[in-house]
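Okay, so here's the structure we're looking at.
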Amino acid sequence: MLDPALLRNRLDEVAERLASRGFEFPRARFEQLEAQRKALQSDTQALQAQRNARSRAIGQAKAAGQDTAPLMAEIAGLGERLQASEAALAELQQQLHDLAANLPNLPDQGVPEGRSEADNAEIKRWGEPRSFDFRARDHVELGERNGWLDGDTAARMSGARFTVLRGGLARLHRALAQFMLDLHTGEHGYLECNVPVLVHGHSLYGTGQLPKFEEDLFAIEGEERRYLIPTSEVPLTNIVRERIVEAGELPLRMSAHSMCFRSEAGSYGRDTRGMIRQHQFEKVELVSIVGGQDSAAELERMTGCAETVLEKLGLPYRRMLLCTGDMGFAAARTYDLEVWLPSQQTWREISSCSNCGDFQARRLQARWRNPDTGKPELVHTLNGSGVAVGRALVAVMENGQNADGTITIPEVLRPYMGGLALLS
RNA sequence: GGAAGCGUGGCCGAGUGGUUGAAGGCACCGGUCUUGAAAACCGGCAAGGGGCAACCCUUCGUGAGUUCGAAUCUCACCGCUUCCGCCA
C-alpha cells in the first residue's frame, strides 16, 4: 500500500512513477472519489460532533436534575441523517481502499526504466561457464537415466508440473536445502524458522499477493478458506504483522526452508520440461525486517548472502538489477540472481531479492518504535530466495555432470551426503 | 465434538449507560537531587484520520442491535485459556 498522504499531495509524481513500471493510475476516478470523500467526511464528522455535544448536554442536564425533554426534541432526526451519512462515507472509503490495494509499489530512485526483462541491468558476473568436451545433457536426461527423476509417475498421481525424486538425487535435493539453511543460520545471522504453509487471506493481503493475484494461488476450501503459500516470504513477513517491534530487536533476520505452491496460471507451455517450473517446490527464504534508514544496505547484504550459496556450490551466476517493468507488485528494488544452465546455454533465475520499503508494512501494520522520536514508524521489509532448491538441484546436476552421466557433488554438500563425492 | 471462563493502551490491570480516550502500575522520555549512577521526587507519555490552525472525528477482539448517549446492555462471529472426548 502506498502512503495515502503521497496520493493526496503528490499525485503527479505518483502517477508518473507508476507509469514507469507500466501501471496506468486511474487518475480521474481517484480524484472524483477523493473529492466526494472529503466533502462527505467533513459533513459526517460535523454531524457526529453535534450528536456528541448534545448527548453530553443531556447527561449534564440529567445530573443537574433538569428536564431533558427539550434537548431530546432538539436532536430528533439527527440519528437517521448521521446513519445515512456514515453509510455513504463507508461505501466511498471502501472504493478508495479497493483502488489503493491494487496499486503496486513505487520503484526506487536508481531503478532502470524498462518494460521487460530485456531492459534489466547486469550488475556483476561470477564464475566461468564451463566448456564441455562432450555433449552436455539437460537435467531431465541426466535424471531419467537412473530413475532419479520421474515426471511420468508424478503426472499419473498429480498431473503436469510435479516430479518424483528417488535415491541419490532425492538425497542431494535434501542436502541442498540443509546446506543453505545451515549457511544462513550459522554464518549469516538469520534465525531459523519453521512456518505454516497454509495461511489466511489477510496474510497474503499483507505481503501483496491478494487481492490482485489470487489466480496464482492454490486455495483450500474448508470451514475457513486458506491458501497454500507461494513462498515463505508470506508467513515470515507476517510474523511482525500488527506488531510494534522494539528498536533493539532490529534488524530482524529470519530464514525458513519450506514448500511453495504456485498455480502457474498463465504460464502454459513455458518450462514444461523438468523441474524448472513446478506447482510444488522447495525454497530457503530470507526475510529481513529493518528500520527505514537501513533497508538499502540490507538489500545489498541479503543479496550477498544468496550469492554466497551459489559461490560455495561453484555455480556461475550473474546479478541483475530489475527494471521498472519487470519488478514484482510489492518491490521497490529487486536483484535477480541468474545461474548458468549449460543445457539451455542461458542464465536462469534462481533467486530474487527485493526491498519492499514500507509497502508491505503499511498493509501489515508492522511498526517499530523509533527511540529518537518515541513514536512508532513503519518498518521496511525485505525478502530474498536463498535460494530456490529445485532450480539449484538442476544447476548442480547440469554444471557438475560428467561424460558418463554421473554427477560430481560440490564439496560443501558432501558432508550432507555421507561423504559421497560422485552421484552414479 | 461437549462444558466453563476470558478478550481494555507498548505491557499488566481498574472500569455503577452520561465531560472515561479510559484509574493505577510497569516500561519509556524530560527535569530536580547526586562527583557519577541508583533510589526518591516532579512533569510528560495510545494509535489512526481530517484541518493552515484553533480544533474536530474514529478506535476498549470483530460485526450488527438497543439508546439522545455504549468499554459498560443484547445477539452473532472470531480468538485465547482450562476441563472432558478424539487424535499424529
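Residue numbering restarts at 1 for every chain, and letters A, B, ... go by the order of the sequence lines.
Heavy atoms of A:Gln60 sit under 4.0 angstrom from at least one base atom. In this structure, A:Arg37 reaches the sugar-phosphate backbone alone: every heavy-atom distance under 4.0 Å involves primed, P, OP1 or OP2 atoms, never a base.
Of the side-chain N and O atoms in A:Lys38, one or more sit less than 4.0 angstrom from OP1 or OP2 of B:G51. Of the side-chain N and O atoms in A:Asn52, one or more sit less than 4.0 angstrom from OP1 or OP2 of B:C57. Phosphate contact (OP1/OP2 of B:U20, side-chain N/O of A:Arg56, threshold under 4.0 Å): absent.
Going from atom CG of A:Leu47 over to atom P of B:U58 covers 11 Å, rounded to whole Å. For the pair A:Asn370 CG and B:C29 C1', the interatomic distance rounds to 13 Å; values are reported in whole Å. Residue A:Gln45 contributes atom CD, which lies 16 Å from atom P of B:A54 at whole-angstrom precision. Separating the CD atom of A:Glu242 from the P atom of B:U62 is a distance of 10 Å, rounded to the nearest angstrom. Rounded to a whole Å, the CE atom of A:Met1 is 15 Å from the P atom of B:G48. When the P atom of B:C78 is taken as reference, atom CZ of A:Arg226 falls 12 Å away, rounded to whole Å. The separation between A:Asp43 atom CG and B:C56 atom C1' is 14 Å, rounded to whole Å. Atom CD of A:Gln93 and atom C1' of B:U58 are 10 Å apart (whole Å).
The P atoms of B:C75 and B:G5 are separated by 13 Å, rounded to the nearest whole Å. Going from the P atom of B:C60 to that of B:A23 covers 16 Å, rounded to whole Å. Going from the P atom of B:A88 to that of B:C78 covers 27 Å, rounded to whole Å.
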